[in-house]
K.L.:
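Let me begin by handing over the structure; questions about it come next.
These numbers were taken from a predicted model, which means no experiment stands behind them.
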Number of protein chains: 4
Amino acid sequence: MSRKPNSEQRRAQIVQALLDTMAEHGYEKATIVLIARRADLTPGLLHYHFHSKADILLALVKALAAAAQQRYLALAQNTLDADQRLKAYIDARLGLGEGADPGAVAAWVVIGAEAVRQPEVRAAYQHAVDTEMALLRELLSASLAAQGKITANAHALAAALLAMMEGTFQLASAAPASMPMGYAAPMAAQLVRRFIDAEPPA
Amino acid sequence: MSRKPNSEQRRAQIVQALLDTMAEHGYEKATIVLIARRADLTPGLLHYHFHSKADILLALVKALAAAAQQRYLALAQNTLDADQRLKAYIDARLGLGEGADPGAVAAWVVIGAEAVRQPEVRAAYQHAVDTEMALLRELLSASLAAQGKITANAHALAAALLAMMEGTFQLASAAPASMPMGYAAPMAAQLVRRFIDAEPPA
Amino acid sequence: MSRKPNSEQRRAQIVQALLDTMAEHGYEKATIVLIARRADLTPGLLHYHFHSKADILLALVKALAAAAQQRYLALAQNTLDADQRLKAYIDARLGLGEGADPGAVAAWVVIGAEAVRQPEVRAAYQHAVDTEMALLRELLSASLAAQGKITANAHALAAALLAMMEGTFQLASAAPASMPMGYAAPMAAQLVRRFIDAEPPA
Amino acid sequence: MSRKPNSEQRRAQIVQALLDTMAEHGYEKATIVLIARRADLTPGLLHYHFHSKADILLALVKALAAAAQQRYLALAQNTLDADQRLKAYIDARLGLGEGADPGAVAAWVVIGAEAVRQPEVRAAYQHAVDTEMALLRELLSASLAAQGKITANAHALAAALLAMMEGTFQLASAAPASMPMGYAAPMAAQLVRRFIDAEPPA
DNA sequence: TATGAATGAGATTTCATTCAT
DNA sequence: GATGAATGAAATCTCATTCAT
């Protein structure tokens with residue numbers, strides 16, 4: 001409201017700088033000075049725009065969650081059939097599109113670990129997970145229903161798929177050399193497909 | 001005359017204290033003082049037995065990897081058939097047995113994030129991942145072969161399954177409230193089972 | 001709007017405080033807290049202006065070397081004849097003028113010992129020695145030439161004179177009670193004088 | 001007296017280890033563990049044979065001073081004439097013989113710096129300097145007298161020569177690359193020779 | 001808004017010395 | 001004599017946060 005015009009831009013700039021710095025150094029070693037340097041700002045200014053370093057992290061978690069939500073909305077707009085939407089979703093998350101921003105992926109992994117100990121981060125992380133779970137469940141239920149299958153296992157299947165996604169991020173960030181390239185999206189799609197095919201009819 | 005060395009037990013004690021402390025506070029906030037207090041030792045003694053805090057972490061990574069390897073060996077001894085061995089493996093990793101040590105799981109998640117930025121941790125983490133991948137691939141290949149299926153996709157399937165496991169640990173540690181309980185092991189088993197069933201014959 | 005930088009004066013202040021503290025306690029016992037106290041600053045601030053304690057030492061070495069260089073320039077400006085310049089130089093270094101800052105002399109002695117083990121200090125120390133050697137050689141060559149003597153031994157003579165100077169500093173700092181007072185400058189001048197007189201003509 | 005047979009040998013072993021370690025790391029960084037390792041002993045044993053680390057240093061200073069004294073006695077035994085004895089002394093101190101143990105030279109330089117701040121070391125250092133001064137003065141007086149010269153300046157000349165020696169050690173240890181090789185002994189001898197030659201007759 | 005110096009709490013690490021065995 | 005673990009004090013360094021300008 002009373003913020004000067006460039007405030008929002010500054011905040012975004014700082015949040016992005018935290019993302020970049022965290023992907024490289026982790027959260028604790030992403031010092032205010034390093035973040036400021038990356039953002040091409042001065043340390044003092046970061047505390048003008050954010051109350052604390054933890055606040056920047058929180059803003060980042062929310063920004064990443066919002067970006068995911070955004071991708072969902074873009075996806076939901078298309079009036080594709082259920083199977084195509086599910087396929088598109090998996091590709092968006094695990095395909096080359098996601099791999100195109102390894103920094104965000106690494107930052108997300110670091111955030112996941114911070115969620116283990118920081119209650120506020122955990123809350124934001126859980127909220128993002130809940131949102132994603134709801135979306136996934138919806139996509140899977142629709143796909144199951146379209147095949148005339150029971151939807152009772154949609155929840156558990158969504159959880160397994162989400163875990164696979166999070167684990168893929170983890171492994172891509174921490175052990176890229178050990179994983180076969182490009183395996184994730186097609187294999188996930190096929191696992192889901194065959195699971196659905198084998199489900200009993202409704 | 002001379003004093004009896006007790007380094008090995010002290011080191012184990014310290015490593016265990018790091019595990020406990022890390023599970024609760026993360027790596028950076030697991031200070032030497034906290035670790036020492038948990039181990040009921042003085043801070044100086046930690047640096048007598050380990051060169052640095054990073055060294056304790058490295059020892060922990062190796063200990064956890066060795067423990068996993070140990071579970072594999074125990075498993076391999078049993079002369080179960082391929083399917084039973086695969087099922088037992090998944091249960092051991094994702095079932096209640098694994099859940100019985102949530103501390104180790106949380107520590108592993110934190111280690112995964114540290115691997116993003118610490119080269120030496122990354123190397124040890126990757127080694128553990130490689131070992132696990134090799135084991136998983138062997139189990140899956142055997143199961144596929146036993147069904148008379150092609151084994152070409154064993155590698156990608158192993159990667160997907162490993163990702164699902166790592167992601168399950170992550171979600172169990174950081175967003176336990178959001179996940180359906182006990183979903184992981186049976187759902188993973190079923191996904192793999194149906195995938196294998198749908199593979200073409202060799 | 002923005003704050004005016006004062007780093008240069010702070011750095012000089014800190015370097016001077018290290019000099020004072022080192023002259024009294026040596027390098028290792030010149031702790032950050034002691035230096036800060038002497039400079040009337042907080043310990044943290046020292047690390048804001050210098051990366052490490054070793055960096056302060058390096059700055060001190062360079063400052064002392066620069067001060068010596070400065071004295072040379074002031075000396076060179078005077079258009080005295082060769083003999084007078086040489087005499088003035090020896091007096092400036094070994095006479096009461098130099099003795100007027102026993103702190104700097106003691107600090108220089110301590111630096112010489114640190115140069116034995118710290119490569120970066122050694123490099124800076126060597127550079128100072130090289131500069132001094134070049135100057136001395138020039139002064140001696142001019143004096144020899146003015147007398148019509150060969151200048152082949154100017155280098156070795158310069159080395160001997162420099163050694164005498166360094167040793168005088170050492171003895172003045174570590175064993176002042178054992179040395180005859182005020183012997184250094186006149187005796188050095190006379191030794192050089194008689195050496196030159198006895199050199200063969202060019 | 002009541003010490004066990006190997007005590008003296010152990011002490012010598014430890015003192016030598018301090019010398020070696022100090023030459024490389026300086027006094028403060030020559031830790032008990034490093035010294036013990038160099039002596040192939042255990043840390044605890046060092047404090048059995050010496051009350052404190054400072055005590056080992058003191059023993060080292062005395063050992064080095066005694067070794068110099070020893071060289072004097074060996075020298076004095078020879079019934080050379082005054083000039084030859086002086087020449088032999090300078091060679092023994094500054095010639096290749098001395099350069100053959102650069103470790104002892106470096107240790108002596110470090111001791112000189114420690115003498116700036118440690119009273120007990122200073123006392124021992126001064127005693128060594130006094131002894132050396134007395135010897136030098138005697139040699140110079142004898143040489144002057146043998147030439148029929150006045151001996152009034154023997155003290156100041158001895159001081160200058162001692163300073164040159166100490167400075168040579170300093171420069172050889174801290175700036176070896178900057179000094180002409182082998183300059184020290186012949187140049188010192190020549191400086192003294194020409195000084196004496198130019199002295200007035202008694 | 002913006003700067004950058006300044007603070008102070010706290011972290012890791014070092015190490016002489018002690019001491020039970 | 002000998003060992004090596006243990007202690008505790010102290011050192012360097014880090015860094016989020018504050019604040020005068």
Side-chain angles (χ1 to χ4, degrees), chain A residues 2-7 9-10 28-36 41-56, chain B residues 1-11 28-36 40-56, chain C residues 1-11 28-36 40-56, chain D residues 3-7 9-10 28-36 40-56:
Chain A
S2 68
R3 271 204 222 96
K4 294 306 186 301
N6 69 346
S7 237
Q9 164 193 348
R10 280 277 184 266
E28 298 289 340
K29 295 292 185 190
T31 69
I32 292 288
V33 166
L34 279 181
I35 301 166
L41 299 173
T42 55
L45 199 51
L46 266 63
H47 277 90
Y48 179 83
H49 290 287
F50 289 92
H51 176 62
S52 70
K53 185 183 161 185
D55 265 9
I56 313 180
Chain B
M1 190 111 42
S2 69
R3 186 168 179 162
K4 200 188 303 172
N6 65 341
S7 271
E8 276 319 312
Q9 88 188 57
R10 277 282 182 263
R11 286 174 64 95
E28 298 288 340
K29 296 293 184 190
T31 68
I32 292 287
V33 166
L34 280 181
I35 301 167
D40 213 24
L41 300 173
T42 56
L45 193 54
L46 269 64
H47 280 94
Y48 178 78
H49 290 289
F50 288 93
H51 177 63
S52 68
K53 186 182 160 186
D55 260 12
I56 312 180
Chain C
M1 191 111 45
S2 69
R3 185 169 182 165
K4 199 188 304 173
N6 66 340
S7 272
E8 276 318 311
Q9 86 188 59
R10 278 281 182 265
R11 286 174 63 94
E28 298 288 341
K29 296 293 185 189
T31 70
I32 292 288
V33 167
L34 279 181
I35 301 166
D40 214 23
L41 300 173
T42 56
L45 193 56
L46 268 63
H47 280 95
Y48 177 79
H49 290 288
F50 288 93
H51 177 62
S52 68
K53 185 182 160 186
D55 260 12
I56 313 180
Chain D
R3 272 204 220 97
K4 295 304 186 305
N6 69 345
S7 236
Q9 162 193 349
R10 280 278 185 261
E28 297 289 340
K29 297 290 185 191
T31 68
I32 292 288
V33 166
L34 279 181
I35 301 166
D40 218 22
L41 300 173
T42 55
L45 198 52
L46 266 64
H47 277 90
Y48 179 83
H49 290 288
F50 288 92
H51 176 62
S52 69
K53 184 182 160 186
D55 264 8
I56 313 179

K.L.:
Nearest heavy atom decides the nucleotide; on that basis, is B/Ile32 or C/Asn6 closer to the 5' end of DNA chain E?
P.N.:
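Nearest-nucleotide comparison on DNA chain E picks C/Asn6.
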
K.L.:
Using whole Å, report how far OH of B/Tyr48 lies from C1' of F/dA5.
P.N.:
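Atom-to-atom, B/Tyr48 to F/dA5, this comes out as 5 Å.
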
K.L.:
Would you mind reading off the distance between D/Leu34 atom CG and F/dG4 atom C1', rounded to a whole angstrom?
P.N.:
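About 16 Å, once rounded to whole Å.
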
K.L.:
Rounded to whole angstroms, how far apart are CG on C/Leu46 and C1' on E/dT7?
P.N.:
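Checked: the CG to C1' distance equals 13 Å.
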
K.L.:
Is a side-chain N or O of B/Lys29 found less than 3.5 angstrom from the main chain of A/Glu28, in a donor-acceptor match?
P.N.:
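Pair absent, no side-chain N/O of B/Lys29 close to backbone of A/Glu28.
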
K.L.:
Just the rounded figure in Å: distance from P of F/dA2 to CZ of D/Arg10.
P.N.:
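The distance from CZ of D/Arg10 to P of F/dA2 comes to 5 Å, rounded to the nearest Å.
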
K.L.:
Rounded to the nearest 0.5 Å, what's the gap from NE2 on A/His47 to NE2 on A/His51? Could you check?
P.N.:
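Going from NE2 on A/His47 over to NE2 on A/His51, the span is 8.0 Å.
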
K.L.:
Just how far, in rounded Å, is C1' of E/dC15 from NZ of C/Lys29?
P.N.:
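So the two atoms are 10 Å apart, to the nearest Å.
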
K.L.:
How long is the line joining NE2 of C/His47 and P of F/dT17, in whole Å?
P.N.:
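In whole Å, F/dT17 P lies 21 Å from C/His47 NE2.
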
K.L.:
Rounded to whole Å, how long is the line connecting atom NZ of C/Lys53 with atom P of E/dT14?
P.N.:
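To the nearest whole Å, that distance equals 15 Å.
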
K.L.:
Reckon C/His51 has a side-chain N or O less than 4.0 Å from the OP1 or OP2 of F/dT12?
P.N.:
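For F/dT12, OP1/OP2 do not have a side-chain N/O of C/His51 under 4.0 Å.
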
K.L.:
Kindly compute the distance separating CG (A/Leu45) from CZ (A/Arg10), expressed to the nearest 0.5 Å.
P.N.:
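Reported value, rounded in 0.5 Å steps: 6.0 Å.
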
K.L.:
Could I get the full list of side chain to side chain contact (heavy atoms under 4.5 Å, CB included) partners for C/Arg11, not counting sequence neighbours?
P.N.:
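If we apply the side chain to side chain contact (heavy atoms under 4.5 Å, CB included) test to C/Arg11, skipping adjacent residues, the hits are C/Glu8, C/His49, C/Phe50.
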
K.L.:
Side-chain contact, heavy-atom cut-off 4.5 Å: A/Ser52 with A/Asp55?
P.N.:
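Contact flag for A/Ser52/A/Asp55 side chains = yes.
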
K.L.:
Considering heavy-atom distances to DNA chain F, does A/Ala30 or C/Ala54 have its closest nucleotide positioned more toward the 5' end?
P.N.:
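Counting from the 5' end, the first nearest nucleotide belongs to C/Ala54.
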
K.L.:
Return the CD1 to CG distance between D/Ile56 and D/Leu46, rounded to the nearest 0.5 Å.
P.N.:
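One finds 4.5 Å between CD1 of D/Ile56 and CG of D/Leu46.
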
K.L.:
Here's a test of your reading of the structure: between B/Thr42 and A/Glu28, which maps to the more 5' nucleotide of DNA chain F?
P.N.:
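Its nucleotide being nearer the 5' end, the pick is B/Thr42.
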
K.L.:
Do any side-chain nitrogens or oxygens of B/Ser2 fall under 4.0 Å of OP1 or OP2 in F/dA2?
P.N.:
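Looking at the OP1 and OP2 atoms of F/dA2, neither is under 4.0 Å from any side-chain N or O of B/Ser2.
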
K.L.:
For DNA chain E, what string of dots and brackets results from 5' to 3' when Watson-Crick and G-U pairs need both distances under 3.5 Å, crossing pairs get [ ], and pairs with another strand get |?
P.N.:
.||||||||||||||||||||

K.L.:
Just how far is it from atom NZ of D/Lys53 to atom OG1 of D/Thr31, taken to the nearest 0.5 Å?
P.N.:
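The distance works out to 7.0 Å.
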
K.L.:
Whole angstrom is fine here: how far is it from CZ in C/Arg3 over to P in E/dT3?
P.N.:
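It is 14 Å, rounded to the nearest whole Å.
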
K.L.:
Would you classify A/Leu45 as touching base, sugar-phosphate or nothing, given that sugar-phosphate means primed atoms plus P, OP1 and OP2, and contacts are heavy atoms under 4.0 Å?
P.N.:
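Counting heavy atoms under 4.0 Å across all strands, the contact made by A/Leu45 includes a base.
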
K.L.:
Does the side chain of B/Thr31 get closer than 4.0 angstrom to OP1 or OP2 of E/dG10 through an N or O atom?
P.N.:
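Checking E/dG10 against B/Thr31, no side-chain N or O comes under 4.0 Å of OP1 or OP2.
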
